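Worksheet for the structure shown next.
First listed ligand is number 1; within each ligand, the first listed atom is number 1. Bear in mind that the values here come from a model prediction, so they are computed numbers and not experimental data.
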Amino acid sequence: MAMRCISQMNPKKIRGRVFLVRVDLNIEEGGEKNAYRIEAILPTIVHLLRHKGKVVLLSHRGRPNPVREISNFKFQISKRDGKLSLQTFARILSGKLGTKVKFVPHFDFGKIEMQIEEARPKSIFLLENLRFIAGEEQDDSRFAAQLAALGDVFVNDAFAVSHRAHASVRAITKYIPSYAGLLMEKEVRNFDRITDNYRHPMSIIIGGAKISDKIGIIQHFLGKADYFLLGGGPANTFFEAQGLPIGDSLVDMKSTAFAKQCLRSKKIILPIDAERQNGKILDIGPKTVEQFAAVIKNSRTIIWNGPMGLFEKRGFEEGTRGVWNAVLMNKKAHTVVGGGETVSSISLIPGSKSLISKNVFLSTGGGAMLEYLSGKKLPGIEALQK
Ligand code: 3PG
């Protein structure tokens, strides 16, 4: 995929200019401190600051209810959605970058523009969660134009949200020169290396939440992959489709019809045992781990998104740990593991960093990674094409 990349921009053109950098800070409460997604966005920011640019970070977090019209600058966030503010990241990023990241808690564009203009080169701002504004998810041109007017150059360094046609991902590129950031470039280069030469057997491991997105992607991979190893919400949805008792486990009722159609496929491998609490399925069981590990061992392409269970809760981490062990032991496969939570779950393996060999690529993208690897065109990436 040939994209316009910030790495190819003459550094002299960075000096004094304002760069709107779309990043993905969609990190759950509690996971902020050591999130892989934060580490991954630092190189682009450092690059722009080193060459004396000004940086304005744009991101979403979670799926809040939009709070107000763009014309009204005051807004109140509900208690529930208050947890989705980006404020905490200003502090965390300031610490990591060794320079103050100024948080902007409003969308008063006139004020923000003045603040940026008055700031010195190498200043860095973080705007509030863009999804508080309805225009973001609607890919609204007016909202995108208002964002674009804050800067000189747009940089998309948020591969993880590039499958969403949202204002700060797609529409904004109509109004301002737009480039891929260093992280985006690295992710796409690694994925292209794999998709150019899919080796078989190819296994797709899918777990976690966001079930409808993940089950939908199975369809796109059916012709390419050899096995689908399912855990978490996607597996529960297949159990529901089979009429098996799942208590009040995480499930997507809207996806059961599609799951039913897929059940005939021998490629779909469902858990054969489960760990439960009060009837609720919270992890795959030991026999399933064994079964999945055997498939993973013989695979030559492995794509994994979504933990196998509620790994943060003691007693329900063995499924995810077992899959990590099997994945890390296979040194022959081309392996990509993606998604904020899935990558963070590597902490279940002591000394994990030293165990990641060259054949394993960790991606910040979850749904975006699955879509890209399945061959779907991502709106955020299409918009950066040369
Ligand atoms: C992700 O975490 O996969 C991205 O940030 C996209 O989030 P979304 O599924 O809420 O659009």
Name every donor-acceptor pair, under 3.5 Å, that has one atom in a side chain of residues 259-267 and the other anywhere in the protein, sequence neighbours excluded.
residue, atom, partner, partner atom, Å
S265, OG, K267, N, 3.1
K267, NZ, L222, O, 2.5
K267, NZ, A225, O, 2.8

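- The aromatic rings of F191 and Y372 sit tilted relative to each other, their planes meeting at an angle between 30° and 60°.
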Which pairs would a plain distance check flag for residues 251-258, meaning a side-chain donor or acceptor within less than 3.5 Å of a matching protein atom at least two apart in sequence or in another chain?
residue, atom, partner, partner atom, Å
D252, OD2, S255, N, 3.4
D252, OD2, S255, OG, 2.3
T256, OG1, M253, O, 2.8

Which donor-acceptor pairs under 3.5 Å do side chains of residues 10-19 form with protein atoms, sequence neighbours excluded?
residue, atom, partner, partner atom, Å
N10, OD1, K12, N, 3.0
R17, NH1, K13, O, 3.2

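- K313 and Q277 share a side-chain donor-acceptor pair at under 3.5 Å.
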Notebook entry, point to check: Could you walk me through whether E318 and R321 pass the salt bridge (charged side-chain N to carboxylate O under 4.0 Å, His left out) check?
Noted result: CA-CA 5 Å; E318 290 306 325; R321 182 183 283 140; 2.6 Å; yes
Please produce the table of protein N or O atoms sitting under 3.5 Å from N or O atoms belonging to ligand 1, one pair a line, distance to 0.1 Å.
residue, atom, partner, partner atom, Å
ligand 1, 2 (O), N26, ND2, 3.0
ligand 1, 2 (O), R37, NH1, 3.1
ligand 1, 2 (O), R37, NH2, 3.2
ligand 1, 2 (O), K210, NZ, 3.3
ligand 1, 3 (O), K210, NZ, 3.3
ligand 1, 5 (O), D24, OD1, 3.4
ligand 1, 5 (O), D24, OD2, 2.6
ligand 1, 5 (O), N26, ND2, 3.0
ligand 1, 5 (O), H60, NE2, 2.9
ligand 1, 7 (O), N26, ND2, 3.3
ligand 1, 7 (O), K210, NZ, 3.3
ligand 1, 9 (O), R63, NH2, 2.8
ligand 1, 9 (O), R164, NH2, 2.7
ligand 1, 9 (O), K210, NZ, 2.9
ligand 1, 10 (O), R63, NE, 2.8
ligand 1, 10 (O), R131, NH1, 2.9
ligand 1, 11 (O), R131, NH2, 2.8
ligand 1, 11 (O), R164, NE, 2.6
ligand 1, 11 (O), R164, NH2, 3.4

